[in-house]
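Just so we're on the same page: letters track the sequence lines, and every chain starts at 1.
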Amino acid sequence: MAPLARMAPLRIAEQVAAHLPPADFVGRVEVARPGYINLTLDEGWLARQVETILAAGDRWGAVDVGRGERIQVEYVSANPTGPLTVGSGRNAVLGDGLASVLEAAGYRVQREYYVNDAGSQMQKFAETLYARYAQALGHDIPIPEDGYRGSYMVELGRAIAQEEGERYLQMDRDRAVEALRDEGLRRMLETIREDLALLGIHFDRWFSERSLYEDGTFETVMQLLRERGYLEEREGAIWFKATLLGSDKDEVVVRSNGEPGYFASDIAYHYDKFVRRGFDRVIDVWGADHQGHVPRMKAMMKALGLDPDRLIIVIYQLVTLTREGVEVRLSKRTGEIVTLRELVEEVGPDAVRFFLLSREANSQMEFDLSLAKQESEKNPVYYVQYAHARIASILRKAAADGWEATSDRGDVTLLTHPGELALIRKMLELPEVVALSARQMSPHFLPHYAQDLAAAFHAFYRDCRVLDPANEALSYARLKLVRTAKQVLARTLGLMGMSAPETM
RNA sequence: GCCCCCGUAGCUCAAAGGAUAGAGCGUUUGGUUGCGGACCAAAAGGUUGCAGGUUCGAGUCCUGCCGGGGGUGCCA
């Protein structure tokens, strides 16, 4: 503005400040170099917000960024060929946190898990299972060359052998493999569902990849792409001409052996999401190892005549586990992986949620097992939950001492101490944090906010005694303040999928 | 080789193109005749990987380089 107005920035700021319309929430207005206008919230207004926040209840933090848009968050979607890994855990926590924050931000959210129950990996899984099952019954059948080597497959084969006997051996091999595929899939999905439930994660829908082939969606989409000239047969395979749409290479859709590849499913699946089910936007949460697929997905959107910006792909980087500062090596080759379940059992669901959520998706992160399970002041999980439990304790004491702890008594305008006002300011930030997280599709702001909020409470607690028989009016005002703080802490923990303990 | 992500305090990480780059841990030093000390306060600790550029203003945007991770399959 300075060149336009031919005025020094500081002068402009002074002029603007002088002409600001008065508002009840504005306290001091100050101008600072080189041209800032600082507005300070009016303290009386701040104090009154306690009533507003308390009355909002669980809706505090709700904003309307989404304007009721229908949005689908598809996450985890790990192949049902093995147990969930720590990496799947990051996916689960990010996806679920994002879904929660989007709900709070005014979107209509659907949580979905895409089950890869078609394709070559499933076939490999079935053949491995057939071998492990047969082995459990004393037959010397080797697992396939590139089969699944993990010990969980041995256990799965043994479990089926024990519970169902030799019935699969009595079928011919191909039929047995197919039947075991379905039985193994059912059991793997059950395990995955349980593992996720340990973290409090539940999906609205489990979407079968195979169904895309069974209900004709795949054929419909192929027809569409063919008509539009995006398909081409070359060397016996059918290619998607992604280069026509800005991608750097074409992609195989149907392999020369006649089998559709995973990209074929992805096209049909996203057609179903956008065209059939009509989601305004779709979020896919993917590990960094799938990052190379993004351009072809964007090309696919264009080919389907859809705005590529409606598909948001959140990529998260891989997780390194450490214990006592030493990296815990994972070996896929031997099948010795650290599973999500082991992690949850070792450090607890709240710590898993908090730590996996607290890093921005696009950063590689380290998960410190020793820290996460430590029940001490070093652990930020306990720091936040402790604030909640401490308030609960105050409220218990208040009730025991005869205070009307849950009544509406309490004049919040008595709240003028800097510690009280700082706590109120922090509580007022929650809607902004929700809006920011939704706009940036980054739930990692929540754990940081939770720590700040807890810190504001602990600092208040040091300076301000809540229950003081010598000052009943102030005590009731503060009781109302801490009830409000408890509610905001619980809400924040809830958005992160964590528990808010009354005692610890 | 080419493509994507990351590089910020000793460590793990924040930071919406804006002011003096912030937390936690670790280190040092203090704090409770009282509601939960799993708490609080203070101090020390930084050339934001390096070199250029754009901008009134860059940790943030652009170019090149260095380092780490991922991708680059008719696997997912």
Pull out every protein N or O sitting under 3.5 Å from an N or O of nucleotides 65-69 of chain B, one pair per line with the distance.
unit_1	atom_1	unit_2	atom_2	d
B:G68	N2	A:Gln364	OE1	2.7

If a pair satisfies side chain to side chain donor-acceptor pair (under 3.5 Å) and one of its residues is in residues 466-487 of chain A, list it, with sequence neighbours excluded.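 Matches after skipping sequence neighbours: A:Glu51-A:Lys480, A:Arg409-A:Glu472, A:Glu420-A:Arg478, A:Lys486-A:Glu502.
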Pairs satisfying side chain to side chain donor-acceptor pair (under 3.5 Å), at least one member in residues 393-403 of chain A, at least two apart: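 Checked against side chain to side chain donor-acceptor pair (under 3.5 Å) - neighbours excluded - the pairs reaching residues 393-403 of chain A are A:Lys397-A:Asp401.
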Calculate, to the nearest 0.5 Å, the distance between atoms OG1 and CG belonging to A:Thr322 and A:Leu371 respectively.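 Going from the OG1 atom of A:Thr322 to the CG atom of A:Leu371 covers 9.0 Å.
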Rounded to the nearest 0.5 Å, how far apart are CG of A:Asp182 and CG of A:Asp117?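 Rounded to the nearest 0.5 Å, the CG-CG separation comes out at 8.5 Å.
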Taking the same atom, C1', in B:G24 and in B:G17, what whole-Å distance lies between them?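 It works out to 27 Å between them.
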Check the interface with nucleotides 41-46 of chain B: list each N/O to N/O pair with the protein under 3.5 Å, or write none.
none

Check: protein-nucleotides 15-17 of chain B nitrogen or oxygen pairs below 3.5 Å:
unit_1	atom_1	unit_2	atom_2	d
B:A15	OP1	A:His444	NE2	2.8
B:A16	O4'	A:Gln440	NE2	3.1

Write down the distance between [atom1] ([X]) and [atom2] ([N]), rounded to a whole number of angstrom.
X: A:Asp401; N: B:G36; atom1: CG; atom2: P; value: 10 Å
X: A:Tyr383; N: B:A23; atom1: OH; atom2: C1'; value: 10 Å
X: A:Ile12; N: B:C56; atom1: CD1; atom2: P; value: 14 Å

Let's see if you can work this out: which of [options] has an atom nearest to the side-chain heavy atoms of [X]?
X: A:Arg255; options: B:C75, B:A19, B:G37; value: B:C75
X: A:His448; options: B:A14, B:C5, B:A19; value: B:A14
X: A:Lys397; options: B:C39, B:C35, B:C13; value: B:C35
X: A:Glu235; options: B:A38, B:C74, B:C35; value: B:C74
X: A:Gln451; options: B:G36, B:G24, B:G70; value: B:G24

So which protein nitrogen or oxygen atoms get under 3.5 Å of nucleotides 26-29 of chain B's nitrogens or oxygens?
none

Under the ring-ring contact (aromatic ring centres under 6.0 Å, His included) definition, can you give me all pairs with a residue in residues 367-393 of chain A, not counting sequence neighbours?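 Every ring-ring contact (aromatic ring centres under 6.0 Å, His included) pair that includes a residue of residues 367-393 of chain A, provided the two are not neighbours, is A:Phe355-A:Phe367, A:Tyr383-A:His458, A:Tyr386-A:His458.
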Looking at residues at least two apart in the chain, or sitting in another chain, which of them share a ring pair (Phe, Tyr, Trp, His ring centres under 6.0 Å) with A:Phe218?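 Once residues adjacent in sequence are excluded, the partners of A:Phe218 under the ring pair (Phe, Tyr, Trp, His ring centres under 6.0 Å) criterion are A:Tyr213.
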Base of B:A14, side chain of A:Asp452 - is there a donor-acceptor contact under 3.5 Å?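 Result: no qualifying N/O pair found.
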Looking only at N and O atoms, is any donor in the side chain of A:Ser256 or the base of B:C74 less than 3.5 Å from an acceptor on the other one?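 Side chain to base: pair found, below 3.5 Å.
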Mind checking side chain to side chain donor-acceptor pair (under 3.5 Å) for A:Arg359 and listing every partner two or more places apart, or none if nothing turns up?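 Side chain to side chain donor-acceptor pair (under 3.5 Å) list for A:Arg359, sorted by chain: empty.
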Provide the full list of salt bridge (Lys or Arg N to Asp or Glu O under 4.0 Å) pairs with a residue in residues 422-442 of chain A, sequence neighbours left out, each pair given once.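 Those involving residues 422-442 of chain A are A:Lys426-A:Glu429, A:Lys426-A:Asp452.
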Examine B:G37: is either OP1 or OP2 under 4.0 Å from a nitrogen or oxygen in the side chain of A:Tyr461? Give yes or no.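 Checking A:Tyr461 against B:G37: at least one side-chain N or O falls below 4.0 Å of OP1 or OP2.
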Exercise answer: donor-acceptor pairs, residues 238-245 of chain A side-chain atoms, under 3.5 Å, sequence neighbours excluded:
unit_1	atom_1	unit_2	atom_2	d
A:Trp239	NE1	A:Arg234	O	3.3
A:Thr243	OG1	A:Asp250	OD1	2.7

Tell me, which of residues 112-128 of chain A have any heavy atom that sits under 4.0 Å from an atom in RNA chain B?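 Listed by number, they are A:Asn116, A:Ser120, A:Gln121.
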